[in-house]
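Remarks on the structure that follows.
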Amino acid sequence: MDAERIIDEIEQLREMFEAPDIRPLTASDISAANRRHDEMLGHSPWFRLWQRYGVCCRSEPPGIQLPHVES
């Protein structure tokens, strides 16, 4: 086995996984992020109050307002 080649391949893999994901978010990605957010904060009494009185409820399907990027 060529140890230097293996080390180089591992370093290349590490660099690939450290690179930011530049793919645009899909509706499914946004929905999953909203669901995780709600599950994470679901135990908070403040979050439950906000949900109960409509302050935290989404009036439309989940969505993120991202800044417009021109190509």
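Computed from a predicted model, the values in this text were never measured in an experiment. All residue numbers refer to positions in the sequence shown, counting from 1.
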Point-to-point distance, once rounded to the nearest 0.5 Å, from CD of Glu11 to CD of Glu18: 10.5 Å
From Ser28 atom OG to Arg35 atom CZ, the distance as rounded to the nearest 0.5 Å: 7.5 Å
Spacing of Arg36 atom CZ and Leu41 atom CG [to the nearest 0.5 Å]: 13.0 Å
Asp29 side-chain N/O to Thr26 backbone N/O, donor-acceptor pair under 3.5 Å: yes
Interatomic spacing from CD in Gln12 to CD in Glu15 - rounded to 0.5 Å: 7.0 Å
Closest approach of Phe47 to Asp38 (non-hydrogen atoms, all atoms of both residues): CZ-OD1, 3.4 Å
